[in-house]
There are 2 protein chains.
Amino acid sequence: MKFNATNVRASASAADLIFEALREAIFTGEIEAGEHLRQDALAEMFNTSRIPVREALSRLEQQGLVKTERYRGTTVTSLSVDEVREIFEFRALLEGEVIRYAVENMDDATLDVARRACDAFATETDSAKYGDLNRDFHYALYAKAERPYHLKIVNQALDRIESYLRAQLVLTNGMERARREHLGILEACVERDAAKAAQLTRDHILGASASLIQFLEKRDSAK
Amino acid sequence: MKFNATNVRASASAADLIFEALREAIFTGEIEAGEHLRQDALAEMFNTSRIPVREALSRLEQQGLVKTERYRGTTVTSLSVDEVREIFEFRALLEGEVIRYAVENMDDATLDVARRACDAFATETDSAKYGDLNRDFHYALYAKAERPYHLKIVNQALDRIESYLRAQLVLTNGMERARREHLGILEACVERDAAKAAQLTRDHILGASASLIQFLEKRDSAK
DNA sequence: TATCATAAAATTGGATACAATCTACAATAT
DNA sequence: ATATTGTAGATTGTATCCAATTTTATGATA
């Protein structure tokens with residue numbers, strides 16, 4: 001486990017930096033589910049005292065990414081297959097609704113932004129960036145929904161399964177299919193067909209869920 | 001502003017106690033939106049150092065209930081009418097879906113629990129308890145949805161608007177209508193009519209939203 | 001009196017040190 | 001050999017102190 005905190009903006013507090021670094025490390029899988037995080041080890045790693053480390057861990061816990069037990073330490077929470085499935089199901093419900101709202105307010109400038117985000121995602125080769133670029137595309141469309149609370153919750157759900165999403169995209173055909181489905185959603189938005197965009201978004205999410213879960217179950221049964 | 005932390009379980013850490021006490025104080029309106037919370041004032045109030053106070057505030061901030069600016073202090077975040085409206089809309093979507101799942105697994109024991117919760121809510125006279133009893137009723141039904149993540153998010157949304165919900169229930173006819181609508185939802189569950197339960201739940205939430213927003217706008221325009 | 005510079009007070013973020021408690025392992029008794 | 005107990009180490013929670021910066025009070029000057 002190694003961290004690189006230099007890529008985060010310097011204006012933030014130490015707790016912010018540690019929070020972001022840990023979050024990213026959990027997303028990439030650099031910190032695995034179940035791994036024990038000790039406060040003084042992290043403090044030494046980031047050259048700080050345990051105080052900002054504790055604050056970062058507390059925030060991660062509030063997000064559900066870790067769990068702290070007194071005198072026992074902090075562990076990265078793992079998700080069962082059922083939990084992963086449920087979160088995808090939740091996303092399908094929520095994001096389907098969000099894009100319905102968005103299509104009703106869709107304008108050409110927004111579609112341009114989304115198109116560029118779609119291209120950027122499709123041509124990216126660094127798998128570490130898949131997650132952010134995927135969000136960029138969807139959020140470009142969702143922005144016009146003008147539902148900030150809904151989007152905050154979508155974001156939170158994505159955070160919870162970000163590491164799984166990244167794993168899914170590097171599966172065989174994961175990127176290829178995501179790229180194709182993104183184009184379909186974009187096309188529905190261009191046609192201002194809200195129902196179609198919503199349906200394709202739900203399919204996109206549930207399809208990714210199905211292939212990911214198939215992978216997870218195969219992996220688990222192999223162990 | 002005064003706090004009473006004696007009703008929280010003693011096994012928790014000081015930070016836990018402060019977190020709960022502040023949360024409850026925000027819910028009841030004891031701490032009003034926009035109010036400044038100073039760390040050392042809170043520390044003195046709870047007879048602790050600022051460390052657990054900071055941790056509690058950090059958690060509240062993660063939940064969106066307060067906002068901290070360095071050297072400026074922490075303020076309780078207020079919600080605009082639009083934000084309140086959106087959160088009710090979000091709840092209608094989510095809770096409608098949750099109860100649909102729940103009805104499919106509904107059994108008589110669950111209905112009994114819900115019926116008792118419904119009675120407890122209807123007969124309660126202490127308005128401070130409305131919030132919890134209202135949740136008790138709905139959660140009694142939602143439990144059978146077996147969607148823990150969905151419920152966690154519902155809970156979070158309720159937290160965000162808890163103080164508004166309590167205000168709504170003490171409005172003229174607020175309790176009376178809530179009681180009547182609860183009975184309707186319960187009846188639909190008894191009939192195992194998932195679509196009807198979902199629709200009544202959505203109506204229940206959106207109806208409360210409408211009357212609350214009417215009240216908020218009248219109050220705001222009066223100022 | 002009004003305005004601007006300067007100092008004092010206030011306030012949060014972090015470091016160090018201490019307290020409380022759990023875990024692991026070894027010593028001891030049965 | 002096994003169970004029990006005690007002690008040392010590990011680990012988190014909190015108190016106290018310091019640093020950094022903003023806000024506010026103060027006073028000098030035009």
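Predicted model, so just to flag it, every value in this text is computed and none were measured. All chains are named by letter (A, B, ...) in the order of the sequence lines, taking the proteins before the strands, and each is independently numbered beginning at 1.
The number of heavy-atom neighbours closer than 6.0 Å to NZ of A:Lys129, taken from other residues, nucleotides and ligands shown, is 12 or below.
Among the nucleotides C:dG14, D:dA15, D:dT11, the one closest to the side chain of A:Ser49 is C:dG14. Comparing atom distances between the B:Arg70 side chain and each of C:dT11, D:dT14, C:dG13 picks out C:dG13 as nearest.
Rounding to whole angstrom units, CD1 of residue A:Ile51 and C1' of C:dA17 are separated by 11 Å.
Close to D:dA10, at under 4.0 Å from its OP1 or OP2, lies no side-chain N or O of A:Gln39. Phosphate contact (OP1/OP2 of D:dT11, side-chain N/O of A:Arg38, threshold under 4.0 Å): present. Not one side-chain nitrogen or oxygen of A:Arg50 sits closer than 4.0 Å to the OP1 or OP2 atom of D:dT12. Residue B:Arg72 places at least one side-chain N or O under 4.0 Å from the OP1 or OP2 atom of D:dT23.
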Checklist entry - Could you go step by step and tell me if A:His182 and A:His204 meet the side chain to side chain contact (heavy atoms under 4.5 Å, CB included) rule? => result CA-CA 8 Å; A:His182 284 182; A:His204 176 57; 3.2 Å; yes

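Taking 3.5 Å as the limit, the base of C:dG14 and the side chain of A:Arg54 contain no donor-acceptor pair of atoms between them.
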Under 3.5 Å donor-acceptor pairs involving side-chain atoms of residues 83-94 of chain A, not counting sequence neighbours:
residue, atom, partner, partner atom, Å
A:Glu83, OE1, A:Ser80, N, 2.7
A:Glu83, OE1, A:Ser80, OG, 3.3
A:Arg85, NH2, A:Asp82, OD1, 3.2
A:Glu86, OE1, B:Tyr149, N, 3.2
A:Glu86, OE2, B:Tyr149, N, 2.8
A:Glu86, OE2, B:His150, N, 2.9
A:Glu86, OE2, B:His150, ND1, 2.7
A:Glu89, OE1, B:Arg147, NE, 2.7
A:Glu89, OE2, B:Tyr101, OH, 3.4
A:Glu89, OE2, B:Arg147, NH2, 3.4
A:Arg91, NE, A:Glu95, OE2, 2.7
A:Arg91, NH2, A:Glu95, OE2, 3.2

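The pair B:Arg59-B:Asp16 meets the salt-bridge criterion, since a charged nitrogen lies less than 4.0 angstrom from a carboxylate oxygen.
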